[in-house]
Participant: 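Starting off with a structure, shown below.
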Amino acid sequence: MKYKSRNKCLCCNEKNISEIINLGLHSFADRFIPVNKSDQKDPMYPLILDICRKCSFIQSRIITDPKHRYIDLDYSYTSDNSKYSRNHWIKFANMLDKKFNIKKKKIIEIGSNDGFLSSILKEKGADVLAVDASKFMVNICKKKKINSIHSIFDFSQSKKIKMKYGEADIIIANNVFNHSNEPNNFVKGVNNLLKNDGKFIFEQPNFTKGVLSLKFDQIYHEHISYFTAKNIDSILRYNDFKIMNISKNDYHGGSLRTIAVKKKSKITSFNLSMLINFEKKKNIYKINHYKKMMNKIDDKKKSLLKKIDKHIKDGNVICGIGAGAKSNTFLTYYGLGNDRVKFITDSSKFKQNKLTPVSRILIKDDNELKKYNKIFCIILSWNISDLIIKKIKKINKNIEFIYT
């Protein structure tokens with residue numbers, strides 16, 4: 001099968017890009033299949049990351065269609081899926097209100113998902129427009145009485161939105177900016193929609209944190225750009241923005257939150273030297289670093305599979321906890337299917353009774369764990385493992401955990 005590939009940097013447009021990570025063939029990580037569509041073949045694409053030798057931007061090589069990623073099957077991830085995520089977005093809304101006094105401010109949330117954050121901002125008195133690529137999620141927003149539109153955001157879409165809704169004081173794009181097939185075009189759209197003194201605020205997984213902790217499972221086809229402090233600064237500078245503030249938090253196992261303003265703003269640029277120097281010191285932009293990284297990951301893979309196979313040989317049941325996108329990258333790369341993993345549990349009603357892509361493992365409610373006197377669980381949602389262990393132990397105290 002022929003695949004469409006990116007042959008130039010998504011940030012600086014130079015053609016000097018080189019491979020750093022190759023995870024083999026994967027389907028879309030947020031693709032969860034209804035049981036009645038189990039015979040539907042999963043689309044498969046090479047999952048490869050490249051780095052630009054000029055500006056160090058890190059990006060996915062293979063081009064996939066966002067319509068296939070978000071529309072072919074109902075998107076299943078919701079912002080209010082766990083107490084942990086709800087608390088995170090409540091704190092985000094409080095920060096926004098404290099910093100910028102959002103009452104009567106026009107806020108556009110791109111990648112609004114189920115509208116959890118938008119609804120909080122609306123309660124605080126903001127004039128909110130929710131924008132999402134999933135029709136399913138837009139309908140959930142509308143049921144919550146949130147002004148919502150279905151759109152795969154880019155510059156062209158920004159012109160339509162501006163014509164109908166006007167310019168925004170604040171544009172939010174949490175965990176969606178990195179999903180854009182054309183990030184420069186995405187920022188151009190934000191620039192077009194934002195008032196001259198407006199703020200562009202977005203959170204993304206911190207690629208540096210993932211690399212240093214060997215957590216490769218946040219690499220998947222839905223993620224096109226992989227953000228470090230240096231990469232965020234580069235993409236914004238190329239599009240006439242500058243950073244007002246950048247901070248770290250623990251969401252998704254480590255994220256970077258950026259507040260940006262237009263270049264002509266009088267606000268002083270944030271000093272990134274400490275963050276970028278740390279990234280350079282850790283060899284994040286050195287190609288040979290990734291070969292060593294993948295060798296370590298493969299050693300962990302061999303060790304875990306050996307452990308799992310021994311448990312199965314001894315007659316034990318293996319299950320997974322947490323049916324997230326990262327789980328599917330992990331399961332596919334490790335070659336773990338329904339022949340080894342009996343089921344996965346997840347608290348989301350939108351994922352239960354569906355199947356994981358490629359591995360075809362059935363997703364069930366956490367209460368399924370009550371049925372077993374002894375069961376071994378792989379914690380797939382490692383970023384909230386402490387919370388998961390407490391919760392699962394209350395359901396079945398005999399559970400034993402397998403750490404990845």
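Only a predicted model underlies this, so the values are computations on that prediction, with no experimental measurement involved.
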Participant: Is Asp233 salt-bridged to Arg237, cutoff N-O under 4.0 Å?
Facilitator: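 Judged by the 4.0 Å cut-off on N to carboxylate O distance, Asp233 and Arg237 do form a salt bridge.
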
Participant: Is it true that atom NZ of Lys124 has more than 12 heavy atoms of other residues, nucleotides or ligands lying nearer than 6.0 Å?
Facilitator: yes

Participant: Considering only NZ, NE, NH1 and NH2 on the basic side and carboxylate oxygens on the acidic side, decide whether Glu368 and Lys371 come within less than 4.0 Å.
Facilitator: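 The answer is yes: the pair qualifies as a salt bridge.
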
Participant: Going by an N to O cut-off under 4.0 Å, is there a salt bridge joining Asp42 and Arg360?
Facilitator: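 Looking at Arg360 together with Asp42, the answer is yes, because their closest N to O distance falls below 4.0 Å.
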
Participant: Is there a donor in the side chain of Asp50 and an acceptor in the side chain of Gln59, or the other way round, less than 3.5 Å apart?
Facilitator: no

Participant: Check the orientation of Phe200 and Phe202. Use parallel for under 30°, tilted for 30 to 60°, and perpendicular for over 60°.
Facilitator: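 Tilted.
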
Participant: Salt-bridge test for Lys313 and Asp309: reply yes if a basic N is under 4.0 Å from a carboxylate O, no otherwise.
Facilitator: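 Salt bridge between Lys313 and Asp309, a charged N being under 4.0 Å from a carboxylate O: no.
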
Participant: So that I can tick it off, tell me whether Arg257 and Glu203 are bridged by a salt bridge, with the cut-off set at under 4.0 angstrom between side-chain N and carboxylate O.
Facilitator: yes

Participant: For the pair Phe350 and Phe136, name the ring-plane relationship: parallel under 30°, tilted 30 to 60°, perpendicular over 60°.
Facilitator: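 Phe350 vs Phe136 ring planes: perpendicular.
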
Participant: With a sphere of 6.0 Å drawn around CG of Asn373, does it hold more than 12 non-hydrogen atoms of other residues, nucleotides or ligands?
Facilitator: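 It does not: Asn373 CG has 12 such atoms or fewer within range.
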
Participant: Identify every side-chain donor-acceptor pair in residues 270-278 under 3.5 Å, counting partners at least two apart or on other chains, and give the distances.
Facilitator:
| residue | atom | partner | partner atom | Å |
| --- | --- | --- | --- | --- |
| Asn271 | OD1 | Ser273 | N | 3.0 |
| Asn271 | OD1 | Ser273 | OG | 2.8 |
| Asn277 | ND2 | Ser273 | O | 3.1 |

Participant: Check whether Phe343 forms a cation-pi arrangement with Lys364 (NZ or CZ under 6.0 Å from the six-membered ring centre, at most 45° off the ring normal).
Facilitator: yes

Participant: Once the angle between the rings of Phe401 and Tyr403 is folded into 0 to 90°, is it parallel (under 30°), tilted (30 to 60°) or perpendicular (over 60°)?
Facilitator: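 Rings of Phe401 and Tyr403: tilted, 30 to 60°.
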
Participant: Can you tell whether the side chains of Lys8 and Glu14 come within less than 4.0 Å, N to carboxylate O?
Facilitator: no

Participant: Hey, can you tell me if Tyr251 and His88 have their rings parallel, tilted or perpendicular (30° and 60° cut-offs)?
Facilitator: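 Aromatic pair Tyr251/His88 classed parallel.
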
Participant: So if I apply the side-chain contact (heavy atoms from CB on, under 4.5 Å) rule between Lys106 and each of Ile171, Asp169, Ile170, Leu193, which one comes out positive?
Facilitator: Asp169

Participant: How many angstroms lie between CD1 in Ile399 and NZ in Lys393, if you round to the nearest 0.5 Å?
Facilitator: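 If I round to the nearest 0.5 Å, the distance is 7.0 Å.
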
Participant: Could you tell me whether Lys301 sits above the aromatic face of Tyr333, with NZ or CZ closer than 6.0 angstrom to the six-membered ring centre and within 45 degrees of the axis?
Facilitator: yes

